[in-house]
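Structure record follows, encoded as structure tokens.
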Amino acid sequence: MIEQILQDSISTSLNSLYNINIEPSSIVLQATKKEFQGDFTLVVFPFVKQAKKSPEQVASELGESLKNSVDMISDYNVVKGFLNISIADDYWIRFVNHNYHNDAFGIKQAQPNDSSIVVEYSSPNTNKPLHLGHIRNNLLGWSISQLLASNGAHVKKVNLVNDRGIHICKSMLAWLRYGNGETPESSGLKGDHLVGKYYVVFDKYYKEEIKQLVSEGMSEDDAKRQAPLMIEAQEMLKKWEEGDSEVRALWEKMNNWVYAGFDQTYQKMGVGFDKIYYESDTYLLGKELVQKGLDTNVLFKKEDGSVWCDLTGEGLDEKLLLRKDGTSVYMTQDLGTALLRHNDFNANQLIYVVGNEQDYHFKVLKLILRKLGFDWSDKVYHLSYGMVELPNGKMKSREGTVVDADDLMEEMVKTAQMMCEEHGKNTDMSPEEKSELYHMLALGALKYFILKVDPTKNMLFNPEESIDFNGNTGPFIQYTHARIRSIIKKGEECDSVQMPAQLNEKEREVVKVLHNLPGLIESAAQNYSPAMVANYAYDLAKTFNSFYQDTPILKEADSNIRCFRLQLCQMVAHAIKNSMNVLGIKVPERM
RNA sequence: GGUUCCGUAGCUCAGCUGGAUAGAGCAACUGCCUUCUAAGCAGUAGGUCCUGCGUUCGAAUCGCAGCGGAAUCACCA
């Protein structure tokens, strides 16, 4: 890569001119700003002290030295302490000519010895359908996996389904009491929605019971604990843990409804997993670890029999790991599943895609693992993402302000259809092609809208803006791809032609953006940031559109130039496709 | 109250390891379809980068303090 050559050359020049020793890799080159002439810029201020010369002088001397030693440098200029380096068009042209046919451009294939990474994401509860918050989680999880894989890692995607607990018992109980044997088939409801409906039903009657008890003079807290429905749900959980066959059968039946529903949602969303863990299989794990911790005095037991980890030395509190009745808590389970996962995959890294409301939990998890003597605790990485808010505030399931994942996607497909019909462009498509296109555009809009923002930040989800097709949106990039594909299909094959001698301004800009892709994937992967890829794809599409607007491609008379531009088009198409693929967004051949 | 995260145009967001006159999109306004897809392009307007102090040749970026917002600090998961 040209950057490395420049870095090496700068390093040796600094040494021979001023006796300054700097590692080539630590020399920072940046893209030259548009207002100035050049491709790469070196800021020379850091060197002026040691060089004992003015910034302008240092920059000029360096520029001259570089120009003499690197023949790819066509020119340089100096503005204050900025050395702007121009690269010869020949380099850019050959870059396109060598890479345009590579449809995996920018993507690194994992080699046998490359690192392996396990990514956990989604991790739903089985008592209600997926909502907007899950969508961000799923899209991020999938996209991070794609991103790391595209940067040459072996990635395994796992899902830990929270399939047991009091919340599921609530749905089960409500269904038994008020369901009249309703099934997904009889009701026409998706399984997860049906079960979610009874979760709401439970809450409704539960609240009525509380109200009743309070009006009879009970305190609110006592009422919450002593409401008959709650007591019954807890008995059900106890029966479940004892393995009661009736409860287990009902539990299995209703969970299977939910799984069927989830599968549909996942499929529509375009996400998937290599392995699915169920909490019912893993919730007892971790107890052994606690015992081991007690034996080695890492943990301690209180008088009532409960087991704790003292984290006050780390500036945190004491953390409960076993209740006084010996049952485990969330943390206990997570210690167990972490060990299980480490044993299952022996990966170099265990990534958990979980919202930032659990920052504390994961901080503690890592600490306890380390205290327990697992040196792999630093492989655990909590990929913490911000919450999704709505224009009128936060989503609250109790207040019915949740945005359901299925509804949202369906809504967006409808809108996509409307928009397409309005444009009236692809009237000759078959119904199947059309519906595929609508789905592709709808999900492209949704995914791009969510993934373009920095994962660590809270984001605002405005339903109206998310289905926009203009500007910085998924469909804008998809449209750019479709236009390019259309040109390529009309153009001739041209492999071995003579390349033009120089580029025009717009061509050079496009090539330079393309040139950045491999480095971008790398730093996006290092930052766990699909958003960087999204913004890159947008930048590329925008740069290409500007080129497309005033540079003829097929209409160019000179066949050499025409061929070069076609190659450039192909390369842009690949780069768009590959970066959108990292986001889990498909791009159409036409739209 | 403790801890963590956040604060950039009317709105939604970029701005990666400090670098030149802080960038996009939406909304508003003005041009460009007889020509490779106008879901596009070109342009106008819009800024106390929350405030203050500090470090530095240089700060939206780093440090400290303050203000504002969010999350979290469960014998829930």
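Quick caveat, the model's predicted, so the values are computed rather than measured. Per chain, numbering begins at 1; letters A, B, ... match sequence-line order.
- Other residues, nucleotides and ligands contribute only 12 or fewer heavy atoms inside 6.0 Å of the NZ atom of A:Lys301.
- Considering only the side chain of A:Phe45, B:G19 comes nearest among B:A39, B:C36, B:G19.
- Judged by ring centres under 5.5 Å apart and planes tilted less than 30 degrees, A:Phe82 fails to stack against the six-membered base ring of B:G19.
- In this structure, the NE2 atom of A:His382 is 13 Å from the P atom of B:C5, given to the nearest Å.
- Each of A:Tyr360 and A:Thr551 lies near RNA chain B, and the nucleotide nearest A:Thr551 is the one positioned closer to the 5' end.
- Closest approach to the A:Asn458 side chain among B:C75, B:A70, B:C41 is made by B:A70 (side chain taken as heavy atoms from C-beta onward).
- Rounded to whole Å, the distance from CZ on A:Arg565 to P on B:C36 is 16 Å.
- Atom OH of A:Tyr352 is separated from atom C1' of B:A77 by 15 Å (rounded to the nearest Å).
- Look at A:His423 and the base of B:A39; the rings stack, centres closer than 5.5 Å and planes less than 30° apart.
- Panel note: side chain A:Asn162, backbone A:Pro124; no donor-acceptor pair is recorded below 3.5 Å.
- Note that OG of A:Ser143 and OH of A:Tyr121 are 10.0 Å apart. Values are rounded to the nearest 0.5 Å.
- The interatomic distance linking A:Glu589 (CD) with B:U37 (P) rounds to 14 Å, in whole Å.
- Note on ring orientation: taking the six-membered ring where Trp is involved, the planes of A:Phe461 and A:Phe449 are perpendicular (angle over 60°, cut-offs 30° and 60°).
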